[in-house]
Amino acid sequence: MKKNILFKTVVVFLAIITVVSSCTSIDDGDTIATPNPNNLDILALARISTDLSLFVAAVEQANLVDFFQSSNGITVFPPINAAFITYLDNNGFSSLEDIPNDTLAELLRNHVVRGTISFENLETGYFTNESTSGPDGTNLSTFVNISNGIIINGTSRVILGDVNATNGILHLVNTVIELPDVFTFLNADPNFASLSSAIDISNPTSNLTEQLAMSEPFTIFVPQNMAFQEALSSLGVASINEIDTALLTDILSHHIVLGNTQLEDLTNGDILNTLEGDTITITLPGTDINRADLTDGSGTNGIGLLTADIQATDGVLHSLDTVLIPDTSN
């Protein structure tokens with residue numbers, strides 16, 4: 001971050017910085033505030049910042065004051081005022097009062113993840129947050145990417161971090177983190193770029209996204225990028241664009257199962273019917289680092305389920321080390 005932008009950040013959050021012991025820049029250009037001699041809780045810290053006044057107002061309107069004061073060991077990503085103003089404009093609200101309280105409460109809980117996680121302990125990966133907006137009240141996931149600064153769910157950047165409170169830690173963000181659907185994670189996680197591209201390519205004729213919208217909730221088994229590279233080699237093509245559209249649609253649909261199926265819902269030997277028509281068989285426990293092993297419609301077994309239970313509002317994702325291939329003979 002350029003010096004003038006860093007200076008502006010420091011000025012904007014001066015009210016918080018005055019109660020902490022120091023403020024230093026870090027390599028990615030964000031700001032760390034190392035606190036907190038006055039022993040303030042999360043909401044008390046937010047109240048002393050003029051640029052978190054809308055966050056505080058939202059907490060009060062949503063009846064979450066007790067939650068933010070009494071919850072212990074949490075990490076909060078509070079949006080600054082400009083972030084809330086943009087959110088209101090983008091969603092057709094004239095003020096916070098236009099947002100239903102239940103909706104606002106879930107939105108705020110989506111900014112809270114479990115555990116007190118400082119900058120030095122943040123890693124690229126998934127965290128469980130406090131929103132229960134998933135199917136059947138399941139807790140949503142939050143994706144943190146630290147490869148270029150600290151980005152939440154692909155859109156929201158941490159601009160002031162490590163503000164320690166007595167009951168957790170705050171990392172202030174520049175946009176409101178909206179409730180994620182499955183495409184939020186497909187677009188945010190660079191490991192899923194190949195599948196995201198494949199869905200875009202297949203859309204003109206298959207309308208796969210429209211199918212998903214009508215089928216939610218659903219479970220998607222998501223091959224990581226390396227899995228797609230290996231699949232392209234085995235199919236004898238150089239890129240996803242060279243795969244016949246009908247075949248690509250069948251392959252993608254073979255990764256989708258109706259219903260929100262988390263790993264804990266599965267048992268050894270379960271057979272899952274895919275949107276394409278063929279089945280996937282589950283083997284538990286998985287071998288080596290695999291959380292589970294899968295057998296696809298073509299009979300290929302030992303396919304590794306690597307990351308489980310990436311929970312969105314409309315379904316859940318599990319990452320794979322291999323592309324699932326249906327039984328093309330039928």
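Everything numeric in this text was worked out from a predicted model, so none of it was measured. In what follows, every heavy atom counts, from backbone to side chain, and hydrogens, waters and symmetry copies are set aside.
For the pair S70 (side chain) and D66 (backbone), a donor-acceptor distance under 3.5 Å is present. Remark: the backbone N or O of I177 is paired with a side-chain donor or acceptor of H111 at under 3.5 angstrom. Proximity of a side-chain donor or acceptor of T219 to a complementary backbone N or O of G259 within less than 3.5 Å is detected. Counting only distance, with no hydrogens or angles, the side chain of T307 and the backbone of H318 share no donor-acceptor pair below 3.5 Å. Within the 3.5 Å criterion, the main-chain N or O of T245 finds a donor-acceptor partner in the side chain of T249. Side-chain N or O atoms of S253 include none that pairs as donor or acceptor with a backbone N or O of D250 at under 3.5 Å. No donor-acceptor pair closer than 3.5 Å links the side chain of D189 to the backbone N or O of L186. Remark: side-chain polar atoms of S156 are not paired, donor with acceptor, to backbone N or O of V173 under 3.5 angstrom. N164 places no side-chain N or O within 3.5 Å of a backbone atom of N39 that could act as its donor or acceptor partner. The backbone N or O of Q61 lies less than 3.5 Å from no partner atom in the side chain of E97, so there is not a single donor-acceptor pair.
Heavy-atom neighbours of N268 CG from other residues, nucleotides or ligands within 6.0 Å: above the threshold of 12. A 6.0 Å sphere centred on CZ of R291 holds no more than 12 heavy atoms belonging to other residues, nucleotides or ligands. Taking a 6.0 Å sphere around CG of N121, one finds it holds more than 12 heavy atoms contributed by other residues, nucleotides or ligands.
With contacts defined as side-chain heavy-atom distances shorter than 4.5 Å, the pair Y87/T175 does not qualify.
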**OP:** Dump the intermediate steps for side-chain hydrogen bond (donor to acceptor under 3.5 Å, both in side chains) on N153 and T184, then the final yes or no.
**Re:** CA-CA 7 Å; N153 286 358; T184 300; over 6 Å; no

**OP:** Dump the intermediate steps for side-chain contact (heavy atoms from CB on, under 4.5 Å) on I152 and V144, then the final yes or no.
**Re:** CA-CA 5 Å; I152 313 300; V144 176; 3.8 Å; yes

**OP:** List the steps, then state whether side-chain hydrogen bond (donor to acceptor under 3.5 Å, both in side chains) holds for N225 with S194.
**Re:** CA-CA 5 Å; N225 294 335; S194 293; 3.2 Å; yes

Original post:
Given E130 and N110, is the side-chain hydrogen bond (donor to acceptor under 3.5 Å, both in side chains) satisfied, shown in steps?
Top reply: CA-CA 6 Å; E130 292 295 334; N110 191 54; over 6 Å; no

Subject >> Chi angles and distances behind the side-chain contact (heavy atoms from CB on, under 4.5 Å) call for I199, L252 >> reply: CA-CA 7 Å; I199 291 175; L252 295 175; 4.2 Å; yes

**OP:** Begin with the C-alpha distance, continue with both residues' side-chain angles, and end with the deciding distance and a verdict on side-chain contact (heavy atoms from CB on, under 4.5 Å) for N301 and D296.
**Re:** CA-CA 7 Å; N301 56 26; D296 65 17; over 6 Å; no

**OP:** Using the side-chain contact (heavy atoms from CB on, under 4.5 Å) rule, take V112 and F77 through it: C-alpha gap first, then chi angles, then the decisive distance, then the call.
**Re:** CA-CA 6 Å; V112 182; F77 298 95; over 6 Å; no

Original post:
When you look at T142 and N129, which way does the side-chain hydrogen bond (donor to acceptor under 3.5 Å, both in side chains) test go after all the steps?
Top reply: CA-CA 6 Å; T142 297; N129 74 48; 3.0 Å; yes

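Between the side chains of D265 and T261, no donor-acceptor pair is found at a separation under 3.5 Å. For Q311 and S141, the side-chain atoms include no donor-acceptor pair closer than 3.5 Å. Between the side chains of D327 and S298, no donor-acceptor pair is found at a separation under 3.5 Å.
In this structure, F143 has its ring center closer than 6.0 angstrom to the ring center of Y126. No close placement of the F221 and H255 rings is indicated, their centers lying 6.0 Å or farther apart.
In this structure, F55 and F84 have tilted ring planes: the angle between them lies in the 30° to 60° band.
Cation-pi check for R114 over F127 is not met; the charged atom does not lie both under 6.0 angstrom from the ring centroid and within 45 degrees of its normal.
L195 and V323 fall within a single hydrophobic cluster, where Ile, Leu, Val, Met, Phe, Trp and Tyr are joined by side-chain heavy atoms under 4.5 Å apart, directly or via other members.
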